[in-house]
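Worksheet: the structure to be examined is printed underneath.
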2 protein chains.
Amino acid sequence: MAKAQFDRNQVVERSIKLFWQNGFNASSMQQVVKNTGLQPGSIYLAFGSKEGLFREALEEYARKSKECIRKRLDSAPSIGDGICALLDEMVEDSLRRNYCSCFLIKTQLELAAQRNEFYDFAAAQLAGIEELYRSYLAREFDADLSRKRASSLMLHIFGVKVYSYQRDSTARMREGLHEGLPWLPWPQQQPGNV
Amino acid sequence: MAKAQFDRNQVVERSIKLFWQNGFNASSMQQVVKNTGLQPGSIYLAFGSKEGLFREALEEYARKSKECIRKRLDSAPSIGDGICALLDEMVEDSLRRNYCSCFLIKTQLELAAQRNEFYDFAAAQLAGIEELYRSYLAREFDADLSRKRASSLMLHIFGVKVYSYQRDSTARMREGLHEGLPWLPWPQQQPGNV
DNA sequence: CACAAACTTGAACGATCGTTCAAATAATAT
DNA sequence: ATATTATTTGAACGATCGTTCAAGTTTGTG
């Protein structure tokens, strides 16, 4: 018997890129064929359907996203510092030429009307990320404040993931983040201001 | 010569509903035919293409959105009160069974990868809305603070438009908004809390 | 009423969609 | 080496996509 000849992980990675960029509906299986180098039959044998491939891509993206947050917060001198670093990365990310917001958010907005499994999954994962932040904040603040600040933080993160599409938005985003999240230990006040 | 027999405005309104709900790609012209009652030929004579109809729908949505903001802020006792009322409406809106976020934001996220005219239009309109808030805030705050608070407000609005898809999110959103926008004259502190 | 212009109709078009499957090929077991 | 099984191939399928257009109908004009 022959083993799988292709690197499943690489196929999933390239599918993440495609689906993340264009969304579910605007990504065709023919683009998948082109981007992965696999033939239709191989894809369908391995993933069953377009939905199957999308599911695996979305799950992998969510897994990596949470892993990334945990790593950052675990390695930071304080939770606040870690969150500042994460927010700063998000703002920096908006400068990339092919900025793509967040795969989970895009999936939720695109597929909300159909209320399908992907919408539910994305919602659950985003809720999981809020819970992740809350649990970290709970190490430094009381339960009530942790909950409130996690909510406020999520509002800002969602905001950044949309605001990033605006032209020359990085400076305004940073200002807005400082305004709305004054309890975070921002590296330094922007010089010569108020 | 015969005049147009159908109500163009009604067709645009129904197209807004369809496109807003499902997005550009997931809305088919056959659904438009079904929802408007018009035949394909009539639609193409009046709007030229799917893009043409979408353009008119998006433009009308943007026009009404800005009008709605102006009305609210003009009729409020203060800018802050008006903004609170608008935010409260957005939070309330998330309880509707067919909540659809914001047509401009959804369009931007869906069509960003193609960098087409609709993406540019949506971005410009959202920038216009931020400018609208800034100009109103400038009546009560100095230029620098108005700019910062308009940015912070937009981050929160974008945040609400995404966060609203989360289950039972209204209470957490309200908390998050109070946390992040403490300079607004919120009607009353939630009772029996901190 | 007759004519012309405006508008509606809806079957049909080519393109592309997601998907299938019989045949070819490659890898393993005997 | 041979048989068997796993995998790949890629042409082709039916469905649906956005769109067209010749024919039919309605409306305004003279």
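Letters go in sequence order (proteins before strands), and every chain restarts at 1. Because the structure is a prediction, the values reported are computed rather than measured.
With sequence neighbours excluded, no residue forms a salt bridge (charged side-chain N to carboxylate O under 4.0 Å, His left out) with A:E51. Applying the side-chain contact (heavy atoms from CB on, under 4.5 Å) criterion to B:D142, with sequence neighbours excluded, gives B:D144, B:L145. Annotation: side-chain contact (heavy atoms from CB on, under 4.5 Å) contacts of B:E56 (sequence neighbours excluded): B:R8, B:V12, B:F47. Annotation: salt bridge (charged side-chain N to carboxylate O under 4.0 Å, His left out) contacts of A:D88 (sequence neighbours excluded): A:R174.
With hydrogens and angles disregarded, a donor-acceptor distance shorter than 3.5 Å links the side chain of B:R172 to the backbone of B:D168. Remark: the backbone N or O of A:A122 is not paired with any side-chain donor or acceptor of A:T107 at under 3.5 angstrom.
Listed by first and then second residue, the salt bridge (charged side-chain N to carboxylate O under 4.0 Å, His left out) pairs involving residues 10-36 of chain A are A:E13-A:K64 (not counting sequence neighbours). The salt bridge (charged side-chain N to carboxylate O under 4.0 Å, His left out) contacts involving residues 100-125 of chain B comprise B:R55-B:E117, where partners must be two or more places apart or lie in separate chains. Sorted by first then second residue, the ring pair (Phe, Tyr, Trp, His ring centres under 6.0 Å) pairs that include residues 53-79 of chain A, not counting sequence neighbours, are A:F19-A:F54, A:W20-A:Y61, A:F24-A:F54, A:F54-A:F103, A:F54-A:F118, A:Y61-A:F103. Every pair passing ring pair (Phe, Tyr, Trp, His ring centres under 6.0 Å) that includes a residue from residues 76-99 of chain B is listed here, sequence neighbours excluded: B:Y99-B:Y165.
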Applying side chain to side chain donor-acceptor pair (under 3.5 Å) to A:S78 and A:E140, what does each step give before you reach the verdict?
CA-CA 9 Å; A:S78 76; A:E140 300 197 355; 4.5 Å; no
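Atom CZ in A:F47 sits roughly 18 Å away from atom C1' in C:dT20 (whole-Å rounding). The separation between A:I43 atom CD1 and D:dT8 atom C1' is 12 Å, rounded to whole Å. What separates CD of A:Q5 from C1' of D:dT5 is a distance of 13 Å, to the nearest Å.
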Identify the pairs formed between an N or O of the protein and an N or O of nucleotides 14-18 of chain C at a distance under 3.5 Å, and give each distance.
residue: C:dC17; atom: OP2; partner: A:Q30; partner atom: OE1; Å: 3.4
residue: C:dC17; atom: OP2; partner: A:Q30; partner atom: NE2; Å: 3.2
residue: C:dG18; atom: OP1; partner: A:S27; partner atom: O; Å: 3.2
residue: C:dG18; atom: OP1; partner: A:K50; partner atom: NZ; Å: 2.6
residue: C:dG18; atom: OP2; partner: A:M29; partner atom: N; Å: 2.7

Please list each protein N or O that sits under 3.5 Å from an N or O in nucleotides 10-13 of chain C, with the distance.
residue: C:dG10; atom: OP2; partner: B:Q39; partner atom: NE2; Å: 3.0
residue: C:dG10; atom: O6; partner: B:G41; partner atom: N; Å: 3.1

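Within residues 10-19 of chain B, no residue has any heavy atom under 4.0 Å from DNA chain C. Listed in residue order, the members of residues 109-122 of chain A having a heavy atom less than 4.0 Å from DNA chain D come to none.
Between B:F158 and A:Y163, the ring planes lie perpendicular to each other; the angle is over 60°, past the 30° to 60° tilted range.
If you take CD on A:E92 and OG1 on A:T170, they are separated by 7.5 Å, rounding to the nearest 0.5 Å.
Within 4.0 Å (heavy atoms only), B:L38 reaches no atom of the nucleic acid at all.
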